[in-house]
Amino acid sequence: MNPGGHRLRRTVVCAALIAGAVVMLGPFLWTLATAFKPAADVFASPPKWIPHPFTLQGYRDVLALPFPRYLLNSAIVSISIVTLNVVFATAAAYAFAKLRFPGRRLLFFVLLLTLMVPFQVNLIPLYRIMIDLHNISPLIGANTYFGLIAPSAAQVFGIFLMRQFIASIPDAILESARLDGASELRILRSIVFPIAGPAIATLAIFTFVTAWNDFLWPLIVTNTDSMRTLPVGLAMLSRKNTMNWSATMAGAVITVIPMLAVFAVLQRRFVEGLTAGAVKGTG
Amino acid sequence: MTAPSRGPRLRRALTAYTLIAPAMLATTVFLLVPMALSAYWSLTRYNGITPPTWVGLHNYVALFHDPRFLQALRNTVVFVLLGMTIGPGLGLCAALLLNERVKGRAFYRTAIFLPVTTSLVVVAIVWKMLLNDQGIVNAVLSFFGLHGHAWLADTKTALFAVVIVSVWQGLGFEAVVFLAALQSVPQALYDSARVDGAGSWRRFLHVTLPALRPTMLFVFVIGIIGSFQVFDQVFVMTQGGPVGSTDTVVYYLIDRFQALQLGRASAVAYILLLILATLSAIQFRLFEERTP
């Protein structure tokens, strides 16, 4: 081994990592800086990394728009979707993994096939169904929380993820609970749910990130400001007044902060959650 | 012990049906029924108001004579090819770097993963600002004595800019998946290669790459399926322009939908489904053959 070559290699690796970090983090820092700049300074030359003068005008502008409402909508929709998926996916996964019933293999195969279908294939009829539902009752269908939540309430991917985990729970544990007279619902609640904790966390994070960042369906199914979620509201803002960059960046900060906060707290789980499919792909 | 009677078994089957009912109901109403409807609509002329009229395969034929659809399809193929070359390539490089024993690995891993957690809409808006002709990208370029460019306003560079932004957003996913695969390659394989006198480049070619094959399949399948559906970035950054140079299949589909050509839009959706199903099948076949 020659130590000179070793040191050179180390220097190259470190330089590449630092350059990479600048490219990955720079845009975030620039966004944060812009959100506190007066509009005139956004494209100032040379670029100003520290906002001076410092202003909250951008935030005042977006808070005057219904941005707090978008935030509330995003929170309601994402939390509902996560809760429903955890319950429905775990329940269905338990049945598919551990209970015998006629049609089990066929129904599971049908679910497997739907994983291949891109969302755009369902999009248009789904919108049509939501319009029809809205005509039945104004509480459901298009431009309601129901319309935003229901199509994502029981995602097939979650059932697969949970089934894989629940299948690894030893039958003996379940069997002894049954001999003690526990009902299947009770087994699900007091044995499967606690044991499946890590898998549920993975599912919850994956679902939360996709729901929070989802764009196409909320864009299509909402048509008033009062029902828009953050990404839709932000996209509308960026197309409406392309000139007010500080307000748009303030909106971007508001959209990203809750996700980054969750990421900061649950970092390891987060990476696992978002790459959950990889385990399946390489296994 | 007595043999299990019919009673408990029936009860257990009923419980099972109850447990899968919400998921099956949601899948049927929000997935299977819409799939069947759009298959039917793709064979009709339909504006969503008056009843659909049967036109057979006319929508499909018309699409392949529509220059706008053909351009959108071509743009999407270019987007996928570029993105799926640059993305996994850079992702693998990043994973190899992150696999080195250096200080602050956790920090670098977090930095590269940050955009993965961020909404594509936010990423697209931020990069629209960075790529503005007075933006920071051009400022950095001119600092190094290079000429700036109106990246998103030029038909020659707009699509490439959308590719770069998408790669930037997804890079952390590819890097982390590759990193996990790198770390699961048994050290013994490297050791025996070293005993056989293989240098670091040959160890990479003959040990690392073959071991990464299943991961690569996964990254390509997920990546191609995802990037064929590119929409958010285009909607925010370019709206398909300039002069259709960033029009994509899904952007075109939504455009036909909003023009109330539901039959035409449904046909686009089924063409997309067909393309994705074919590609996944080919990829699995290819990787199966090469894996001993």
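Below, all heavy atoms of this structure are taken into account, side chains as well, without hydrogens, waters or symmetry copies. Below, read A as the first sequence line, B as the second, and so on, with proteins coming before strands; counting in each chain starts at 1.
Within residues 14-21 of chain B, the residues having any heavy atom under 4.5 Å from a heavy atom of chain A are, by residue number, B:Thr15, B:Ala16, B:Tyr17, B:Leu19, B:Ile20. Residues of residues 226-234 of chain B lying under 4.5 angstrom from chain A, judged on non-hydrogen atoms, are B:Gln229, B:Phe231, B:Asp232 by number.
Both the backbone and the side chain of B:Leu114 come within contact range of chain A, each with at least one heavy atom under 4.5 Å from a heavy atom of that chain. In this structure, chain B has a heavy atom under 4.5 Å from the side chain of A:Leu25, while its backbone stays farther away. Using a 4.5 Å cut-off between heavy atoms, A:Val23 touches chain B through backbone and side chain atoms alike. Within the 4.5 angstrom heavy-atom criterion, only side-chain atoms of B:Val176, from C-beta onward, approach chain A. Interface residue A:Val13: backbone and side-chain heavy atoms are both found under 4.5 Å from chain B. Heavy atoms closer than 4.5 Å to chain A are found in both the backbone and the side chain of B:Ala13. With a threshold of 4.5 angstrom between heavy atoms, A:Thr34 approaches chain B through side-chain atoms but not through N, CA, C or O.
A tilted orientation is assigned to the rings of A:Phe96 and A:Phe101, their planes being inclined by 30° to 60°. A perpendicular orientation is assigned to the rings of A:Phe119 and A:Trp217, their planes being inclined by more than 60° (bins at 30° and 60°). Ring pair B:Trp168/A:Phe28 is tilted by interplanar angle, where 30° to 60° counts as tilted. The aromatic rings of A:Trp30 and A:Trp49 stand perpendicular to each other, their planes meeting at an angle above 60°, with 30° marking the opposite boundary. Between A:Phe206 and A:Phe157, the ring planes lie tilted relative to each other; the angle falls in the 30° to 60° range.
A cation-pi arrangement is not found for B:Arg264 relative to B:Tyr46, the charged atom failing to lie both closer than 6.0 Å to the ring centre and inside a 45° cone about the ring normal. A cation-pi contact, defined as under 6.0 Å to the ring centre and within 45° of the axis, is absent between A:Arg163 and A:Tyr94.
Nearest heavy atom pair, residue A:Ala91 against residue A:Leu188, reads CA-CD2, 4.0 Å.
Scored by the salt bridge (charged side-chain N to carboxylate O under 4.0 Å, His left out) test, A:Glu184 finds A:Arg178, B:Arg12 as partners (sequence neighbours excluded). Listed by chain and residue number, A:Ile129, A:Met130, A:Ile136, A:Ile140, A:Phe146 satisfy the side-chain contact (heavy atoms from CB on, under 4.5 Å) test with A:Leu133 (two or more places apart in sequence, or in another chain).
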